[in-house]
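Worksheet for the structure shown next.
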Amino acid sequence: MPRKREIAKPKRSERSPQRSPAAARVDADANKSNIPASDDASSRTRVEQGNLRDAASERPWSNQEIAALLDRIGDILAIQGENRFKIIAYQRASDVIEHSSRGVQDVWQGDPANLRAIPGVGEAIADKLDELFRTGQMSYYEKIRAQIPEGLVELLQIPGVGPKTVAKFWKDFNITTLDALKAALENPEKNLPGIGDKTIENLKQGIGTIGLHTTRVQLATAVYFADELIAELQKRAGASIQKISTGGSLRRLRPTIGDIDLLAVSNEPQLVLDAFVKLPQVREVLAKGESKASVVAHNGMQADLRVLEPKNWGTALQYFTGSREHNIRTRDIALKKGLSLSEWSFAKLKGGREIFCDTEEKVYELLGMEWIPPELREASGEIEAAQKHQLPKLIELSDLKGDLQCHSRWSDGVAPIKAMVEGARKRGLKYIAITDHSKGLGVANGLDEKRTREQWKEIDRINHEYDGAFRVLKSVEVEIRADGTLDLPDDLLAGYDLVLATTHSSLTQSREKITERVLKAMHHPLVDIFGHPTGQLIGSREPSALDLEQVFRAALETGTILEIDGTPERMDLTDVNARRAVELGIPLVIDSDAHHPDGFDDLRWGIAMARRGWITKENVLNTLEWDELRKRLKRNL
DNA sequence: GCCGTTTTCGGCCCGACTGTTTTCAGTCG
């Protein structure tokens, strides 16, 4: 769903997914009910911690940090009552940079003119970023930051409080911090004259829920919860619901989800909305009107429901799917065709009948382009491609023929190899690589050489039993040690069908060190795949400082395949990085990292990342039969 | 502040819900 504040408050948490003391994953299913706990100071960026200069380091600026800085400038300008289009310009630049598949500092290369190629970045912002990259500071930011009291921006976190209200607190009541506001609310008649009772109550409530409503959860968690809400709503008001769908970032399958958007068709909207706000999952009703309601569930997630008529379905679904930037672009295109596009219809600017679209296909057709899969609607080139009818044919789950990372109870999985085979067969796969951990990962009961050779015998027996109907590959998830060496000897590695190398420890190494370490492993002739490259765990661990551009170059040089790990908390490579990799011509594999026979369902999330990364079947090697795939492995070239 | 198959100046997506300054501003998506 296109959210204006998506580029302000909620987005901040989306950039730094919430931390929780998530235990090491044993079973992917354990994540289904895992809602990360609220944020803490450790995920704050150097921007949010204040002075850029103090926090400046040799590390390049990440897109997330640059986006947070531009976003913060937008917030300050908004509080100052600046021209709203100037504010929007900073927010748009922030949004584009955050979703850019290339590091902006990398694009810069010492020349601000290079930055102008980024949509939404003009002369002024390019020059400011140039200064930031050269000096580690931005004088414009320092200047405007000094013009408003410290702490004022934080008041924007309160739900329902925007820049105008913050400015009023400051100028009318001299309230500039959250603590001062809390104190003033103790005696509102005296401290906050002219503010109504209802507003006072909302402020008190809002302060209490800071953090709760901005928590982003893993895609899988949100999808399962949305399924639950829809099922319950169908049970209670199903007779009145003709159609129901998810919308927003959930429908676009973003790796993390801020809130759940639902969309329904009904001739009895009040009945459906009443049922919705009374669902057992609902803790609090934020708003309820004639066509929409917003609630907060007991698990802390916000859910919105819109109810409409069949004739509006296409425009409404298109609008509520977003993204915000995508909608701004599509509405702009409509305007140039003399049409005003809203969630209800196309209205003709010069009068005349409204045009209704009961399907999304009709909406895009009127806009002069082909239907765009929701996963691509991020204003990152999909509109231009759709106008030329050159959208890629995105990969689908059913294209996968095998899974090259999964675990049995030989290491940290919970099932015997045979049970994993049956789990994979049930899902239509024809081969799996059993990639139990190597001995270096002591916590995962890693295999030494002796146990490895025992495991191979079992795999031989199973393959014999299936007699070609299914193939189990002898493989390993070998640990790349802190110095870049592998923790199994070469003669053993040579005996596997394929080798997946990953990092699990020393992930806080410097950019230089961890990059050098990974490149060393990628140059090893027996390392076929580099798995879950950045080591990120959504909600609990940031990506390592690994220089992915160098990794991509090394992948091309060495023929090392890169992986998209579909475990909901990993999603690694993530969408933008996967897109960059295939743009450069690097072949990928999509794996579940299953630790349980049902864990193969997580391939679905890997496919989601791939589709968001514009990836086709041809880019992914495990869409091939094993006999074809094996020829593409480095060891067999 | 950005941007251009109407434009280098004059625009910049559209609507629901809330609270309250009862006709609309502020916030949000």
Side-chain angles (χ1 to χ4, degrees), chain A residues 1-11 70 73-74 77-78 81-96 115-116 118-129 140 156 158-168 193-203 206 213-214 247-249 258-263 269 273 285-294 302-308 312 315-316 318-347 349 367-368 379 384 387:
Chain A
M1 131 122 18
R3 257 167 275 143
K4 184 161 154 200
R5 296 299 299 182
E6 190 170 28
I7 50 175
K9 287 184 294 185
K11 216 174 63 169
L70 294 175
I73 289 172
L77 294 175
E82 255 287 0
N83 176 340
R84 68 191 186 95
F85 296 111
K86 184 168 169 179
I87 296 158
I88 290 170
Y90 277 98
Q91 292 175 333
R92 287 192 65 176
S94 165
D95 205 42
V96 169
L115 297 171
R116 302 285 299 276
I118 301 166
V121 175
E123 190 179 351
I125 292 179
D127 286 347
K128 290 180 176 73
L129 293 181
Y140 177 70
L156 290 172
I158 305 166
V161 172
K164 295 282 200 287
T165 309
V166 168
K168 185 178 172 68
I195 306 279
D197 290 349
K198 187 75 181 137
T199 304
I200 295 292
E201 196 45 45
N202 287 346
L203 283 170
H213 292 199
T214 58
S249 53
D259 54 21
I260 289 177
D261 294 304
L262 300 175
L263 203 57
L273 289 169
V285 179
L286 296 177
K288 179 167 171 287
E290 292 177 5
S291 68
K292 72 166 264 197
S294 292
Q302 185 176 324
D304 300 337
L305 172 67
R306 328 258 166 167
V307 186
L308 43 117
N312 307 117
T315 44
Q318 192 279 332
Y319 172 60
F320 290 117
T321 296
S323 66
R324 176 179 171 270
E325 278 300 315
H326 178 89
N327 285 353
I328 290 174
R329 296 288 317 280
T330 49
R331 289 180 173 200
D332 191 44
I333 288 167
L335 280 179
K336 286 179 177 138
K337 293 178 184 293
L339 298 165
S340 169
L341 171 60
S342 77
E343 57 264 52
W344 302 110
S345 65
F346 283 93
L349 292 179
L367 291 167
E384 293 76 8
Q387 285 172 325

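Computation of the quantities below employed the complete heavy-atom set of this structure, encompassing side-chain atoms and omitting hydrogens, waters and symmetry-equivalent molecules. Order of the sequence lines sets the chain letters (A, B, ...), proteins ahead of strands, with each chain counted from 1. Bear in mind the structure is a predicted one, so any value in this text is a computation, not a measurement.
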State whether [X] places a side-chain N or O below 4.0 Å from either non-bridging phosphate oxygen (OP1 or OP2) of [N].
| X | N | value |
| --- | --- | --- |
| Lys198(A) | dG19(B) | yes |
| Asn202(A) | dT18(B) | no |
| Lys86(A) | dC12(B) | no |
| Ser294(A) | dC17(B) | no |

Would you jot down, in residue-number order, the residues of residues 340-347 of chain A having a non-hydrogen atom under 4.0 Å from DNA chain B?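 DNA chain B contact set from residues 340-347 of chain A: Ser340(A), Leu341(A), Ser342(A), Glu343(A), Trp344(A).
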Using the [atom1] atom on both, measure [N] against [M] and round to a whole Å.
| N | M | atom1 | result |
| --- | --- | --- | --- |
| dC12(B) | dT7(B) | C1' | 13 Å |
| dT23(B) | dC17(B) | C1' | 15 Å |
| dG11(B) | dA16(B) | P | 26 Å |
| dT8(B) | dC2(B) | C1' | 12 Å |

Could you tell me whether the side chain of Asn312(A) and the main chain of Trp344(A) form a donor-acceptor pair under 3.5 Å?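 Side chain of Asn312(A) to backbone of Trp344(A): a pair is present.
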Output the rounded distance in Å from CD1 (Ile333(A)) to P (dC3(B)).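 Those two atoms, CD1 and P, are 15 Å apart.
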Quick test: give all pairs of protein nitrogen or oxygen and nucleotides 7-9 of chain B nitrogen or oxygen below 3.5 Å, distance rounded to 0.1 Å.
none

NA contact type, Ile87(A), heavy-atom cut-off 4.0 Å: base, sugar-phosphate, or nothing?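 The residue Ile87(A) makes no contact with any strand.
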Residues forming a side chain to side chain donor-acceptor pair (under 3.5 Å) with Thr199(A), sequence neighbours excluded: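 Once residues adjacent in sequence are excluded, Thr199(A) has no partner under the side chain to side chain donor-acceptor pair (under 3.5 Å) criterion.
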